[in-house]
Amino acid sequence: MKYEIKEVDEDFYSQHCKVLGLKIFEENTQLFSLNEALSDKEKDIRSSLRANLGKPINIYFAVLLEGKCIGWSWGFQKSGIEFYMCNSAILPEYRRSGLYTRLLNAMLEKVQEFGFQEISSRHLTTNNAVIIPKLKVGFVITQLEVSDLFGAVVHLTYHFNKTRKKVLDYRVGQIKPDSEIKRHLNLK
């Protein structure tokens, strides 16, 4: 089978990928719909606050098999340095074939082209199908969270800058400070 990983626009994503996501994730009984919990006034305020952010960069990828969407990845700009990889999935019958890793690498390449310093993501702590491939390509665990929306969540971050990766390894006690780290952190 020939799979294609293709950057797509928001319309394609909404019509073909987002719809599949709603079906896949409806099985997860732990998810909490923030939108359903908000009053109309709170929804209006939320829309107004989003409008204040301007037009952040959004990136959409689809995994296609004979033109049919069988997977996707979507993310958006959170700040001047951070890109948030918000939602990705491969339909269950196509998993464990390396497609997610190919999709992940396409996203990493595209985000780096824009010049972001880091990519962040959040996952249920038991979502090994996503966590393990991300760890293998260089993401690191940067935070644990208990979220009312999702439950127990792990934050992963990928730094493009090698010095930042090295400083993070030092911060968690994995390496001793070398001359570069000492210089950047003003250590003696």
Side-chain angles (χ1 to χ4, degrees), residues 3 5-10 13 17-18 21 25 49-50 52-63 71-90 95-188:
Y3 300 99
I5 296 176
K6 179 180 176 184
E7 187 174 1
V8 295
D9 62 21
E10 185 175 4
Y13 175 82
C17 305
K18 191 174 186 179
F25 298 123
L49 290 172
R50 279 189 178 154
N52 288 338
L53 295 174
K55 181 86 173 112
I57 294 168
N58 284 268
I59 300 173
Y60 306 92
F61 277 98
V63 180
W72 64 88
S73 186
W74 164 63
F76 58 89
Q77 177 180 1
K78 280 188 84 171
S79 72
I81 62 169
E82 183 183 358
F83 184 84
Y84 179 63
M85 204 169 159
C86 185
N87 185 271
S88 303
I90 302 292
R95 292 180 186 163
R96 302 211 180 278
S97 63
L99 283 173
Y100 181 74
T101 299
R102 288 178 50 203
L103 181 61
L104 176 59
N105 286 327
M107 183 63 86
L108 284 168
E109 186 178 312
K110 186 66 178 181
V111 171
Q112 188 174 27
E113 283 177 20
F114 275 103
F116 289 101
Q117 288 292 310
E118 61 190 54
I119 300 176
S120 64
S121 60
R122 297 165 59 205
H123 310 279
L124 296 177
T125 57
T126 57
N127 190 353
N128 291 335
V130 171
I131 295 170
I132 291 170
K134 282 190 167 178
L135 293 174
K136 283 183 176 180
V137 299
F139 278 79
V140 293
I141 296 170
T142 51
Q143 186 177 349
L144 295 172
E145 170 190 11
V146 177
S147 162
D148 64 330
L149 299 178
F150 304 109
V153 177
V154 62
H155 290 241
L156 301 177
T157 304
Y158 183 94
H159 293 97
F160 289 102
N161 181 289
K162 292 187 184 328
T163 302
R164 291 187 73 194
K165 288 180 183 184
K166 189 189 287 189
V167 169
L168 187 59
D169 282 344
Y170 163 71
R171 295 275 195 206
V172 298
Q174 185 166 311
I175 62 172
K176 292 182 180 183
D178 63 8
S179 60
E180 181 183 26
I181 292 172
K182 287 179 180 178
R183 181 170 35 92
H184 284 288
L185 298 179
N186 253 350
L187 301 173
K188 299 208 185 240

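It should be emphasised that the depicted structure is a prediction, and the values quoted were computed from it without experimental measurement.
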Side chain to side chain contact (heavy atoms under 4.5 Å, CB included) assessment of Ile57 paired with Val111: CA-CA 10 Å; Ile57 294 168; Val111 171; over 6 Å; no
Side chain to side chain contact (heavy atoms under 4.5 Å, CB included) between Phe139 and Ile119, worked out: CA-CA 8 Å; Phe139 278 79; Ile119 300 176; 4.0 Å; yes
Worked verdict on Glu10 versus Asn58 for side chain to side chain contact (heavy atoms under 4.5 Å, CB included): CA-CA 8 Å; Glu10 185 175 4; Asn58 284 268; 5.8 Å; no
Asp178 and Tyr170: CA distance, side-chain angles, deciding distance, side chain to side chain contact (heavy atoms under 4.5 Å, CB included) verdict: CA-CA 9 Å; Asp178 63 8; Tyr170 163 71; over 6 Å; no
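In this structure, Arg171 and Leu185 approach most closely via the heavy-atom pair NH2-CD2, 3.4 Å. Of all heavy-atom pairs between Leu168 and Val140, the closest is CD2-CG2, 3.2 Å. Contact detail for Pro133 and Asn128: the closest heavy-atom pair is CD-O, 3.6 Å. Nearest approach of Cys17 to Gly71, heavy atoms of both residues: SG-O, 4.2 Å. For the residue pair Phe160 and Leu108, the shortest heavy atom distance occurs at CZ-O, 3.6 Å.
Inter-residue side-chain proximity for Thr125 and Val153 is flagged as unmet; no heavy-atom pair is nearer than 4.5 Å. In this structure, the side chains of Ile141 and His155 stay at 4.5 Å or more apart for every pair of heavy atoms. Side-chain contact between Val154 and Gln143: absent, with no pair of heavy atoms (C-beta onward) separated by less than 4.5 Å. Between Lys110 and Phe61 the shortest side-chain heavy-atom distance falls below 4.5 Å. Taking 4.5 Å as the limit, every side-chain heavy atom of Tyr13 sits out of range of all side-chain heavy atoms of Asp9. Contact annotation: the side chain of Val63 never approaches that of Lys6 to less than 4.5 Å [non-hydrogen atoms, C-beta and beyond]. With a 4.5 Å cut-off on side-chain heavy atoms, Ser88 and Tyr100 count as touching. Using a 4.5 Å heavy-atom threshold, the side chains of Trp72 and Ile90 count as separate.
In this structure, CG on Asn105 lies 7.0 Å from OG1 on Thr101, to the nearest 0.5 angstrom. Note that CE of Met107 and OH of Tyr60 are 10.0 Å apart. Values are rounded to the nearest 0.5 Å. Distance check: Ile5 CD1 to Leu103 CG gives 5.0 Å after rounding to the nearest 0.5 Å. With rounding to the nearest 0.5 Å, the separation of NZ in Lys182 from NZ in Lys176 is 10.0 Å. Rounded to the nearest 0.5 angstrom, Cys86 SG and Ile59 CD1 are separated by 12.5 Å. Considering CD of Glu118 and OG1 of Thr142, their distance stands at 8.0 Å, rounded to 0.5 Å.
For Lys165 and Tyr158, the positive end sits near the middle of the six-membered ring, less than 6.0 Å away and at most 45° from its axis.
Under the 3.5 Å distance criterion, the side-chain polar atoms of Gln77 are matched with a main-chain donor or acceptor of Ser79. A donor-acceptor pair is defined here as one N or O able to donate and one able to accept, closer than 3.5 Å; no such pair exists between the side chain of Arg122 and the backbone of Leu156. Checking side-chain atoms of Asn87 against main-chain N and O of Met85 turns up no donor-acceptor pair under 3.5 Å.
Looking at residues two or more places apart in sequence or on another chain, you find a side chain to side chain contact (heavy atoms under 4.5 Å, CB included) between Asn161 and Gln117, Thr163, Arg164. Applying the salt bridge (Lys or Arg N to Asp or Glu O under 4.0 Å) test to Lys78 and every residue at least two apart in sequence or in another chain returns nothing.
Note on ring orientation: taking the six-membered ring where Trp is involved, the planes of Phe76 and Tyr84 are perpendicular (angle over 60°, cut-offs 30° and 60°).
Surrounding CZ of Arg183 are more than 12 heavy atoms belonging to other residues, nucleotides or ligands, all under 6.0 Å away.
One side chain, His123 or Ser121, offers a donor N or O that lies under 3.5 Å from an acceptor on the other.
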